[in-house]
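So the structure is just underneath, and the comments pick up after that.
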Amino acid sequence: MRASQLLMPTMKEDPADADIASHRLMLRAGLIRQVASGIYNWLPLGVRVLHKIEAIVREELHASGAQEVLMPVVQPATLWRESGRWDVMGPELARLIDRHDNEFCLSPTQEEVITDLVRREIQSYRELPRNLFQIQTKFRDEIRPRFGVMRSREFIMKDGYSFHIDQDSMDETYRAMYDCYSRILERLGLEFRAVEADSGNIGGDNSHEFQVLADSGEDTIAYSTVSDYAANLEKATTVFPSAPAAPGDGALAKVATPDARTIAAVAELLDVPATSCVKTLFVEGEDGGPIGLILRGDHELNELKAQKLPGVAAPLRFADPEDLRGRIGAGVGSLGPVGLSLPMLVDHSAAQCTDFVCGANEDGFHYTGANWGRDVALDVEAVVDLRNVVPGDPSPDGQGELAFTRGIEIGHIFQLGKKYSDTLGASVLSQEGREETLLMGCYGIGITRMVAAIIEQKHDEQGICWPEAVAPADVHIVALNYHKSDAVRAAADQLYADIHASGRTALLDDRPERPGVKFADADLIGLPHRITVGDRGLKNNEVEYRRRIDADNVSVALGDVLQSLDG
RNA sequence: CGGGGCGUAGCGCAGUCUGGUAGCGCACCACACUGGGGGUGUGGUGGUCGCAGGUUCAAAUCCUGCCGUCCCGACCA
């Protein structure tokens, strides 16, 4: 690539709309340009990165026994109606109508189409398992696209689907995909964790996310400092005490707490730690009435855990404060379990509290010295896991403590069970001649998001620092005064040819720009190797070499510089 | 969808409160100088001020409506 010929519109200034490093650098380095909210053009340098990532993904998937297919972006509503998702998906599913008034959607994912394909083409257990994937454009009309291509509406995803006659086969492929994803991320040179995850609304049980570690990540990951336990915060658990604590010997007393409606305010007023307080939240129950969720004062409700509990409405909705006042006679901020006649669920940690502080169900009053059993009846079955874990909680496998880090979800693998094969009727004849519904797995990698995730992890003040595996080219030849100096032009052109002959790719900056501009762009674009060719060095038959991640140039004889690339 | 910004040249912004010739820096074009970390000078190109209505002698500026876009919360690769 010659910079003079390349559509490579670098920017000196930060675009006003880009907040996170990857978005900013992708715009500045000329990788992408925005077309509409969450919709982007990919320019030549960006496309080269995409292709490199795709090549690695393909290679590893093929090596793991998956086969590539290509399915349509535009899909008929009939299939989506059959699975039931036409009505479930809501406005995130972009819909359109053809000239014959038939309804279609832009595919956000492909379970329907792949299951349809398999139910038509696979009739026998002998043809199983099958593991099929594609790399293709998806469209999800996100409520709020953000962070450039990190959360865009149109994006490229590698999505794979596997089909099995039994759970053993499912487990085997799931494991193979787990290992495959790990290898892909290792080859990309990324720091990552595979974490236990909630399977969201796609359904199914067993599920792992592959999280690229980055402070700007949208997800919080809890991991054991000792073992390899790691889970998304929304899923992470800890070790639970086996039984509620024995009551303390404090006396139950009602105290005035005017204007103290938050745990922090109550704790300060009464001069007790938040860990000695209990907070009571009310959400809508399955029967329409409110249900109390009781947590230790310093803990956060985990909404995902809560909405999966029996008796709690999903999705989680907080109860109407006015309705609560009507039922209890007090407002939010003064509510508590003592004397409460509504159903409640108590978090394990809250159940361990003794002589605790809680709302008195009377505006402006709290109880102190409250105890489970003595002051509030506590059914063992009502003690559940309701909260987000916190750093320092014991790891649920009993090894070490939990610590937190942030991550970007770059891949997700699920076991879907029979959710789609059932509704769409994908089955085969088993060895015994019985009709068996297929088990299904699904596996995704966000290809376009991967580009952003890599940059989040690999950049500095000056620009991107591409890992070799995905860099848009290997070597940046900064040819100083190329347009004027015959010596520079000859040496740079020769170097360019030699690099390509050796199997690497180079970007030759042959533009009639000043040195400062070229150096700044080289840092910004971030190719792993840089060779500076200038008259000054050429006098001694030398050029300068610098790795992008190193601080300083070293002078190298022109004839030896190619060997530096291997070092 | 709720809350908060922003929309003036390719990019970054001023001008809007207080209506009166549409500006600055960078980029771009030409020429000259310069030539190892975004250089200097001279001269230029480029804008229906997001769109539509309204008020006014006069609207980037005031009013109404709409659109776009970004950020914060619920969804997800």
Side-chain angles (χ1 to χ4, degrees), chain A residues 9-20 23 27-28 30 33-39 53 57 89-93 108-110 135-160 181 197-202 207 209-212 218-219 232 234 303-304 307 315-318 407-414 442-453 462-463 478-485 488 511-524 530 532-538 543-544 546 553 555:
Chain A
T10 55
M11 290 192 274
K12 190 150 81 173
E13 290 179 272
D14 282 336
D17 287 340
D19 282 328
I20 67 166
H23 188 198
L27 288 166
R28 284 193 56 207
R33 285 293 184 264
Q34 187 180 47
V35 175
S37 179
I39 299 178
I53 294 171
V57 167
M89 290 282 290
E92 193 178 318
L93 184 66
T109 170
Q110 304 258 349
I135 294 175
Q136 187 232 33
T137 297
K138 300 287 180 293
F139 191 89
R140 294 181 189 173
D141 199 354
E142 292 275 350
I143 297 166
R144 184 154 89 84
R146 59 187 133 167
F147 306 147
V149 300
M150 191 79 86
R151 176 171 301 285
S152 53
R153 293 193 291 174
E154 184 179 298
F155 58 100
I156 299 172
M157 178 163 85
K158 172 257 138 184
D159 50 324
Y181 276 35
D198 184 75
S199 47
N201 64 11
I202 295 185
S207 164
E209 289 169 349
F210 287 79
Q211 295 270 0
V212 169
E218 292 185 88
D219 291 322
N232 194 307
E234 63 189 22
E303 299 193 10
L304 213 70
Q307 73 185 23
L316 197 76
R317 289 181 301 273
F318 281 91
I408 298 165
E409 183 191 353
I410 208 66
H412 201 160
I413 60 178
F414 301 84
C442 95
Y443 320 94
I445 293 179
I447 302 287
T448 40
R449 178 181 286 182
M450 182 83 82
V451 178
Q462 266 56 249
V478 179
L480 303 176
N481 209 22
Y482 180 94
H483 62 301
K484 293 259 185 79
S485 164
V488 167
R511 298 174 300 172
E513 293 288 351
R514 297 179 59 86
V517 174
K518 296 192 177 194
F519 287 133
D521 275 350
D523 288 337
L524 183 59
R530 180 207 292 183
T532 303
V533 181
D535 285 311
R536 186 189 290 178
L538 287 178
V543 293
E544 278 139 63
R546 197 192 115 185
N553 285 303
S555 289

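As a basis for the values below, the full set of heavy atoms in this structure was taken, side chains included, without hydrogen atoms, waters or symmetry mates. Sequence lines set the chain letters: A, B, ... in the order given, protein chains first and strands last, and positions in each chain run from 1.
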**Item:** Of the listed nucleotides B/G12, B/A77, B/C75, the one nearest the side chain of A/Glu92
**Value:** B/C75
**Asked** Is the base of B/G12 touched by the side chain of A/Arg28 through a donor-acceptor pair closer than 3.5 angstrom?
**Response** no
**Message:** With rounding to the closest Å, how many angstrom separate the P atoms on B/U48 and B/U8?
**Reply:** 12 Å
**Asked** Counting any heavy atom closer than 4.0 Å, what does A/Asp17 reach on the DNA or RNA strands: base, sugar-phosphate only, or nothing?
**Response** sugar-phosphate
**Asked** For B/G23, which nucleotide in any strand shown is its Watson-Crick or wobble partner with both distances under 3.5 Å?
**Response** B/C13
**Asked** Can you check whether A/Ser37 has a side-chain N or O nearer than 4.0 Å to OP1 or OP2 of B/C70?
**Response** yes
**Presence of A/Gln34 side-chain N/O under 4.0 Å of B/C70 phosphate oxygens OP1/OP2** = yes
**Request:** Let me know, please, whether A/Thr10 or A/Met157 comes out on the 5' side of the other along RNA chain B by nearest nucleotide.
**Result:** A/Thr10
**Request:** In whole angstrom, give the distance that lies between atom CG of A/Leu304 and atom P of B/C75.
**Result:** 8 Å
**Request:** Would you name the heavy atoms of A/Tyr443 and A/Tyr181 that are closest together and state the gap between them?
**Result:** C-OH, 3.0 Å
**Prompt:** About how many Å separate CG of A/Leu524 and CE of A/Met11, when rounded to the nearest 0.5 Å?
**Reply:** 9.0 Å
**Prompt:** What is the pairing partner of B/C33, taking Watson-Crick or G-U wobble pairs with both distances under 3.5 Å in any strand?
**Reply:** B/G39
**Prompt:** Would you say the side chain of A/Asp14 and the base of B/G12 hold a donor-acceptor pair, judged only by whether the two atoms sit under 3.5 Å apart?
**Reply:** no
**Asked** NA contact type, A/Gly446, heavy-atom cut-off 4.0 Å: base, sugar-phosphate, or nothing?
**Response** base
**Request:** Would you mind reading off the distance between A/Arg151 atom CZ and B/A74 atom P, rounded to a whole angstrom?
**Result:** 11 Å
**Item:** Of the listed nucleotides B/C75, B/C76, B/G38, the one nearest the side chain of A/Val517
**Value:** B/G38
**Request:** Write down the distance separating the C1' atoms in B/A60 and B/U56, rounded off to the nearest Å.
**Result:** 16 Å
**Asked** Contact class for A/Leu480 vs. all strands (heavy atom < 4.0 Å): base, sugar-phosphate, or nothing?
**Response** base
**Short side-chain N/O contact to B/C71 OP1/OP2 from A/Arg144, under 4.0 Å** = yes
**Item:** Ring centroids of A/Phe155 and B/A77 base under 5.5 Å with planes under 30°
**Value:** yes
**Asked** Contact class for A/Phe147 vs. all strands (heavy atom < 4.0 Å): base, sugar-phosphate, or nothing?
**Response** sugar-phosphate
**Asked** Partner of B/A77 by Watson-Crick or G-U wobble geometry, both contacts under 3.5 Å, or none?
**Response** none
**Prompt:** Are any of A/Arg511's side-chain N or O atoms less than 4.0 Å away from OP1 or OP2 of B/G38?
**Reply:** no
**Asked** Which nucleotide, in any strand shown, forms a Watson-Crick or G-U wobble pair with B/U64, with both distances under 3.5 Å?
**Response** B/A52
**Prompt:** Paired with B/C28 by Watson-Crick or G-U wobble geometry, both distances under 3.5 Å: which nucleotide is it?
**Reply:** B/G44
**Request:** Measure from the side chain of A/Asp219, starting at C-beta and using heavy atoms only, and say which of B/C75, B/G37, B/C76 lies closest.
**Result:** B/C76
**Request:** Mind checking A/Gly411 for me? I need base, sugar-phosphate or nothing, with any heavy atom below 4.0 Å counting as a touch.
**Result:** sugar-phosphate
**Request:** Check whether the side chain of A/Arg514 and the base of B/G38 form a donor-acceptor pair under 3.5 Å.
**Result:** no
**Complete:** Comparing nearest nucleotides in RNA chain B, the 5'-proximal residue of the pair A/Ile143, A/Ile156 is A/Ile143
**Message:** Quick check for you: among B/C75, B/G38, B/C70, whose closest atom lies nearest to any side-chain atom of A/Asp521?
**Reply:** B/G38
**Request:** Using the C1' atom as the reference point in each nucleotide, state the distance between B/A27 and B/C63 in Å, no decimals.
**Result:** 38 Å
